[in-house]
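Shown next, in structure tokens, is the structure this report addresses.
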Amino acid sequence: MNHKRLEIYVGWTCNQKCTYCIEYPNMEKAWKIRVTKEDILKKLLKYKREWYNHVTYLGGEPFIQPVFLDALKLWKLLGYTILVTTNASTLHIDNQAKKFLPYIDELFLSVEAISSEEQQKISRTNNFVRWDGVFENIKKYWRWNFLKANIVITQDNKNSLFELVKFLEIRWVRNIAITYPDVMRDYYSKEHILERINPKYSECMKEILPIIEYCKKKDIHLKIADIPYCIFPSTEREKYIQITDDFDYENRMKITYDWNILNRGSFDKKEDIPRERFWCHKCNNCKYYWKCWWPLIHYEWLYGLDEINPILN
């Protein structure tokens, strides 16, 4: 059976206000919109008739949405494979984990920090994710079908990335993504972006290159997302490129957003351009023109394009 995935928002509220969050401006506008069980059922039924068989539940933060448990139970009735993306801030609570986790097939954790000080700085809240309790409950109540952690690089954690990866490896997380953040230029000030969100690409490499070697030794499936190919050093560049999210873009699954329909299924790079990326004049000379997803659209505004060097051979 073909893999066709549907994304459904179960609410827009979140218990964090992360410095890098590109969805937060949209959430602020939608906080008063209430998603009902009936709304979700209509969407699931509609797309089930079109042979969709996977669903990703999104928030805000899904686990704090009143309708979320009903949404999970509806999957049981309709046979979707279900993926949940979460900041895991409530999963250390035993009753919470026991109630929700048995319904979930695939779990994506957002892990930006493990120290309370760093975590609260990035989340801009007093919330502290009790990760030891989270992983204890995952082990008790979840079936371990597919677990992945995503680390968004920020100015606050850029020097802690290796520590985060080792923390996750010890807890048997075998799928890890490290992602360069998008930004909302019309929402976040340049000062905020430079001080709290986007490091230079070259700064990221100082941590990422040792992480690549570490993950290879530990047999961790690592993905590096949204960093241009030409930032990687020329030595063994082909090996580095193969672990980027861009490299296997053709294998990304079709996504249909449930409210404003958007089909990402063509995989034609002339039409399928990721948000917040752009062709710069240098990219035209790169042999990976149709593979790489290029710099952040505001990178020139932030740092210039001196770091962008086309790969000619």
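- Distance alone, capped at 3.5 Å, is enough to place a donor-acceptor pair between the Q96 side chain and the F63 backbone.
- Looking at heavy atoms from C-beta onward, L168 lies in side-chain contact with I151 at the 4.5 angstrom threshold.
- Residue A97 comes nearest to L91 through the heavy atom pair CB-O, 3.7 Å, listed as atom of the first residue, atom of the second, then distance.
- Looking at K239 and E213, a side-chain N of the basic residue comes within less than 4.0 Å of a carboxylate O on the acidic one, giving a salt bridge.
- How far CD of E7 is from CG of L83: 9.0 Å, rounded to the nearest 0.5 Å.
- Residues E61 and T13 are not in side-chain contact: their nearest non-hydrogen atoms beyond the backbone lie 4.5 Å or more apart.
- Taken from CH2 in W12 to CG in L58, the straight-line distance is 10.5 Å, to the nearest 0.5 Å.
- Looking at S189, its side chain does come within 3.5 Å of a backbone N or O of H192 through a donor-acceptor pair.
- Side chain to side chain, T81 and D105 fail the donor-acceptor criterion of an N or O pair below 3.5 Å.
- The main-chain N or O of E118 is never found under 3.5 Å from a side-chain atom of D156 such that the two would form a donor-acceptor pair.
- Ion pairing of D132 with R171 is present here, as a side-chain N (NZ or NE/NH1/NH2) and a carboxylate O approach within less than 4.0 Å.
- Side chain of N15 to main chain of N127: no donor-acceptor pair is present (N/O by atom type, distance under 3.5 Å, no hydrogens or angles).
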>> Before you tell me yes or no, could you show the steps for F100 and V84 under side chain to side chain contact (heavy atoms under 4.5 Å, CB included), namely the whole-Å CA-CA distance, both residues' side-chain angles and the distance that decides it to 0.1 Å?
In response: CA-CA 11 Å; F100 289 99; V84 175; over 6 Å; no

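- The CD atom of E169 lies 12.5 Å from the NZ atom of K217; values are rounded to the nearest 0.5 Å.
- For the pair E203 (side chain) and K200 (backbone), a donor-acceptor distance under 3.5 Å is present.
- Rounding to the nearest 0.5 Å gives a distance of 8.5 Å between CD1 of I170 and NZ of K218.
- The two residues E207 and K158 have their closest heavy-atom pair at CG-O, 3.0 Å.
- Ring orientation note: the planes of Y214 and F162 are nearly perpendicular, at an angle over 60° on the 30°/60° scale.
- Looking at I208, I212, I178 one by one, the single match for side-chain contact (heavy atoms from CB on, under 4.5 Å) with I243 turns out to be I212.
- Linking ILVMFWY residues whenever their side-chain heavy atoms come closer than 4.5 Å, directly or via other members, places L69 and Y141 in the same cluster.
- In this structure, CZ on F146 lies 10.5 Å from CG on L107, to the nearest 0.5 angstrom.
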> Between I40 and D70, does a side chain to side chain contact (heavy atoms under 4.5 Å, CB included) hold up when you go through it step by step?
Replying inline: CA-CA 9 Å; I40 292 171; D70 285 330; over 6 Å; no

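- Side-chain contact between T19 and Y188 is absent, with no heavy atoms from C-beta onward closer than 4.5 Å.
- Cluster annotation: I138 is not connected to F108 through the hydrophobic network of ILVMFWY side chains, with a link wherever side-chain heavy atoms come within less than 4.5 Å.
- In this structure, V67 and T36 have side chains that are not in contact, with every pair of non-hydrogen atoms separated by 4.5 Å or more.
- I231 has its side chain within reach of I308: a pair of non-hydrogen atoms, C-beta onward, lies under 4.5 Å apart.
- Of the possible polar contacts, one joining the Q120 side chain to the N126 backbone as a donor-acceptor pair under 3.5 Å is found.
- The aromatic rings of F135 and F167 stand perpendicular to each other, their planes meeting at an angle above 60°, with 30° marking the opposite boundary.
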> Given W131 and Q119, is the side chain to side chain contact (heavy atoms under 4.5 Å, CB included) satisfied, shown in steps?
Replying inline: CA-CA 11 Å; W131 284 111; Q119 194 171 86; 3.1 Å; yes

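- Taking the six-membered ring where tryptophan is involved, the planes of Y299 and Y303 are tilted, since the angle between them lies from 30° to 60°.
- In summary, K287 and E238 engage in a salt bridge, as defined by a charged side-chain N under 4.0 Å from a carboxylate O.
- Residue E112 comes nearest to L164 through the heavy atom pair O-CD1, 3.5 Å, listed as atom of the first residue, atom of the second, then distance.
- The two residues P199 and I153 come nearest to each other via the heavy atoms CG-CG2, 3.7 Å.
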>> With side chain to side chain contact (heavy atoms under 4.5 Å, CB included) as the criterion, how do K121 and R196 come out once you've worked through the C-alpha distance, each side chain's angles and the decisive distance to 0.1 Å?
In response: CA-CA 9 Å; K121 193 174 181 181; R196 303 301 303 279; 3.2 Å; yes

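- Using bins of under 30°, 30° to 60° and over 60° for the plane-to-plane angle, the ring pair W142/W144 lands in the tilted bin.
- When atom types are taken as modelled, the side chain of R174 and the backbone of I220 share no donor-acceptor pair closer than 3.5 angstrom.
- Atom CD of E50 has more than 12 heavy atoms from other residues, nucleotides or ligands within 6.0 Å.
- The minimum heavy-atom distance linking Y201 with P228 is given by the pair CZ-CD, 3.5 Å.
- C280 has its side chain within reach of P295: a pair of non-hydrogen atoms, C-beta onward, lies under 4.5 Å apart.
- A donor-acceptor pair under 3.5 Å links the side-chain atoms of N137 to the main chain of H92, judged by distance alone.
- Linking ILVMFWY side-chain heavy atoms closer than 4.5 Å, directly or via other members, places I197 and W301 in a single hydrophobic cluster.
- In this structure, Y187 and Y24 have tilted ring planes: the angle between them lies in the 30° to 60° band.
- Between L296 and the choices I193, D226, D182, I227, the side-chain contact (heavy atoms from CB on, under 4.5 Å) rule is met once, by D182.
- I93 and I64 end up in different hydrophobic clusters when Ile, Leu, Val, Met, Phe, Trp and Tyr side chains are linked at under 4.5 Å.
- Taking CD from Q16 and OG from S89, the interatomic distance works out to 5.5 Å, rounded to the nearest 0.5 Å.
- Side-chain contact between Y229 and C286: absent, with no pair of heavy atoms (C-beta onward) separated by less than 4.5 Å.
- Counting heavy-atom neighbours within 6.0 Å of K140 NZ, excluding the residue itself, gives a total above 12.
- Atom CZ of R34 sits in a sparse spot, with 12 or fewer heavy atoms from other residues, nucleotides or ligands closer than 6.0 Å.
- Between the side chains of Q65 and Y57, no donor N or O sits under 3.5 Å from an acceptor N or O.
- Looking only at distances, no side-chain donor or acceptor of Y180 sits under 3.5 Å from a matching main-chain atom of N198.
- In plain terms, the two heavy atoms of H298 and V183 that are nearest each other are CD2-CG2, 3.4 Å.
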